[in-house]
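Okay, structure first, notes after.
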Amino acid sequence: MTRLSHFLGLAALAAVTSVQAAELPAEIKQAGTLKLTVNSTYAPMEYRDPASNELVGLDIDLANELAKRLGGLKIVWSETPFAELIPSLQTKRADFIISGISDRASRRESADFVDYLTTGPQFFVMAESEAKAATDLCGKKVGTTRSTSFPVEIEKWSKQNCEAGGKPEIQYVPGENSIDVRNQLKQGRIDAAVQGSETLPYAQTQEPGKYRIVGESFVKGYQGIMFRKDDAALREVVTEKLTAMIGDGSYKAVLDKWGLGANAVTRPMLNAAPQ
């Protein structure tokens, strides 16, 4: 290869790289802010610290680090019920959603997910419960948050593991959020509950000896950062920064801080959840 051809090859590579490099949308860059909305009842992903009333959690830490890497953007946080997270994105009250929301095929009609954390629904009971195996919950009252994918997953699991074996179906009981569901369990209004596997270690540390996990997560899925379909540029630049965080260890440090190192992914994935 001649020096000229070598130089031209490098120039072409540089040109391609510059074209492919993700760019922050102009309106966000000019404003210097990110608008992010969370449901702050899902510890340890996002919640209000009881001592300081500050918004804290794994998602909060990840978002703050991403904002730094996106040119030092200031995050303007707002809070909403879980059921209003997707409408907040669609009406542009939020630039993207990072709030313990699961990537689901049914949510991809108007949005894309950059998956960043493994998750899965998990049965748990009060420590004194007689249930030893998940099938011991057949015919029992099981609560979970109504606006999540968990009611559908419980129904599927019940058909496959209870009804198919001649056992009575699980009786699903709705709750408003994970706090409400745990309160129903403590009050004896339900026999068991289902939450994402990422939340239970925190709940157990907050109320030692209170809860007992039954079985394994019965569906494997991912939590994702949710973007509008027409916001590909923002999605790509956030994916680029998240990839760098995984590469330099800062992503792992955040997960380890919240006791969720085992839920890490090796790279961000686009719309990767199977369901």
Side-chain angles (χ1 to χ4, degrees), residues 9-38 42 44-46 54-77 85 89 92 94-103 107-108 111-119 196-198 220-274:
L10 290 176
L13 178 61
V16 170
T17 302
S18 66
V19 169
Q20 292 179 339
E23 291 286 341
L24 193 65
E27 60 271 22
I28 293 177
K29 192 172 184 178
Q30 290 168 5
T33 59
L34 268 179
K35 296 177 294 181
L36 300 183
T37 299
V38 295
Y42 203 55
M45 304 307 292
E46 43 275 315
E54 289 183 9
L55 196 58
V56 296
L58 185 150
D59 285 336
I60 307 303
D61 287 349
L62 285 181
N64 284 332
E65 182 62 26
L66 284 169
K68 267 193 245 176
R69 295 174 185 235
L70 291 168
L73 297 178
K74 177 185 176 182
I75 299 179
V76 178
W77 295 102
L85 286 175
L89 181 67
K92 300 190 176 182
D95 293 315
F96 60 77
I97 299 294
I98 178 168
S99 184
I101 191 165
S102 296
D103 174 5
R107 291 172 174 161
R108 295 182 204 145
D112 285 321
F113 286 84
V114 174
D115 298 332
Y116 67 100
L117 194 77
T118 61
T119 184
S197 58
E198 69 281 359
K220 181 180 179 181
Y222 297 103
Q223 286 187 4
I225 305 175
M226 193 177 188
F227 298 86
R228 289 181 291 274
K229 286 282 188 184
D230 59 2
D231 258 351
L234 180 58
R235 185 195 72 214
E236 290 305 312
V237 73
V238 169
T239 300
E240 180 183 279
K241 301 306 181 188
L242 183 57
T243 300
M245 288 173 61
I246 292 174
D248 66 23
S250 55
Y251 162 84
K252 183 179 184 300
V254 171
L255 268 60
D256 286 346
K257 171 185 173 181
W258 295 100
L260 292 175
N263 294 68
V265 298
T266 56
R267 59 184 175 83
M269 296 170 287
L270 179 64
N271 299 329

(request) Rounded to the nearest 0.5 Å, what's the gap from CG on Asp112 to CZ on Arg228? Could you check? (result) 12.0 Å

(request) Taking the side chain as every heavy atom from C-beta outward, state whether Arg69 and Leu242 have any atom pair closer than 4.5 Å. (result) no

(request) May I ask you to decide if Gln223's main-chain N or O and Asp103's side chain share a donor-acceptor pair within less than 3.5 Å? (result) no

(request) State which residues pass side-chain contact (heavy atoms from CB on, under 4.5 Å) with Ala264; sequence neighbours excluded, sorted by chain then number. (result) Tyr251, Leu255

(message) Taking the side chain as everything from C-beta on, heavy atoms only, tell me whether Leu234 gets closer than 4.5 Å to Leu24.
(response) yes

(message) So Trp258 and Glu198, do their side chains get closer than 4.5 Å, heavy atoms only?
(response) no

(message) Show, in sequence, the C-alpha distance, side-chain angles and deciding distance for Ile246 and Thr266, and conclude whether the side-chain contact (heavy atoms from CB on, under 4.5 Å) test is met.
(response) CA-CA 7 Å; Ile246 292 174; Thr266 56; 5.8 Å; no

(request) Find the distance between CG (Asn263) and OH (Tyr116) and round it off to the nearest 0.5 Å. (result) 10.5 Å

(message) Are the side chains of Pro274 and Lys220 in contact, using a 4.5 Å heavy-atom criterion?
(response) no

(request) Side-chain contact test, heavy atoms from C-beta onward, threshold under 4.5 Å: evaluate it for Val38 versus Leu55 and give yes or no. (result) yes

(message) With rounding to the nearest 0.5 angstrom, report the OG1 to CG distance, Thr33 to Asp95.
(response) 7.0 Å

(request) Identify the heavy atoms of Gly224 and Asp115 that sit nearest to each other, and give their distance. (result) CA-OD1, 3.7 Å

(request) Decide yes or no for Val237 and Glu23: does some side-chain heavy atom of the first lie under 4.5 Å from some side-chain heavy atom of the second? (result) no

(message) Under the salt bridge (charged side-chain N to carboxylate O under 4.0 Å, His left out) definition, can you give me all pairs with a residue in residues 252-274, not counting sequence neighbours?
(response) Asp61-Lys257, Lys252-Asp256

(message) I need the minimum non-hydrogen distance between Thr119 and Ser102, along with the two atoms involved.
(response) CG2-OG, 4.2 Å

(message) Working to the nearest 0.5 angstrom, can you tell me the gap between Leu34 CG and Asn64 CG?
(response) 10.0 Å

(request) Taking the side chain as every heavy atom from C-beta outward, state whether Met245 and Leu62 have any pair of such atoms under 4.5 Å apart. (result) yes

(message) Can you give me the closest heavy-atom contact between Ile75 and Leu36, atom names plus distance?
(response) CG2-CD1, 3.8 Å

(request) Work out which heavy atom in Leu117 is nearest to a heavy atom in Met45; give both atom names and the distance. (result) CD2-CE, 3.6 Å

(message) What's the separation between atom CE in Met226 and atom CG in Leu89, rounded to the nearest 0.5 Å?
(response) 6.0 Å

(request) Search all heavy atoms of Ala63 against all heavy atoms of Trp77 and return the closest pair with its distance. (result) CB-CH2, 3.6 Å

(request) Please determine which of Leu58, Leu260, Asp59 meets the side-chain contact (heavy atoms from CB on, under 4.5 Å) test together with Pro44. (result) Leu260

(message) Side chains of Ile60 and Glu54, heavy atoms from C-beta outward: is any pair under 4.5 Å?
(response) no

(request) Please identify each residue that fulfils ring pair (Phe, Tyr, Trp, His ring centres under 6.0 Å) with Phe96, with sequence neighbours left out. (result) Phe227

(request) Identify the heavy atoms of Leu85 and Ser99 that sit nearest to each other, and give their distance. (result) CD1-OG, 3.8 Å

(message) Let me confirm one number: the CZ-CG distance from Phe113 to Leu270, rounded to the nearest 0.5 Å.
(response) 10.5 Å

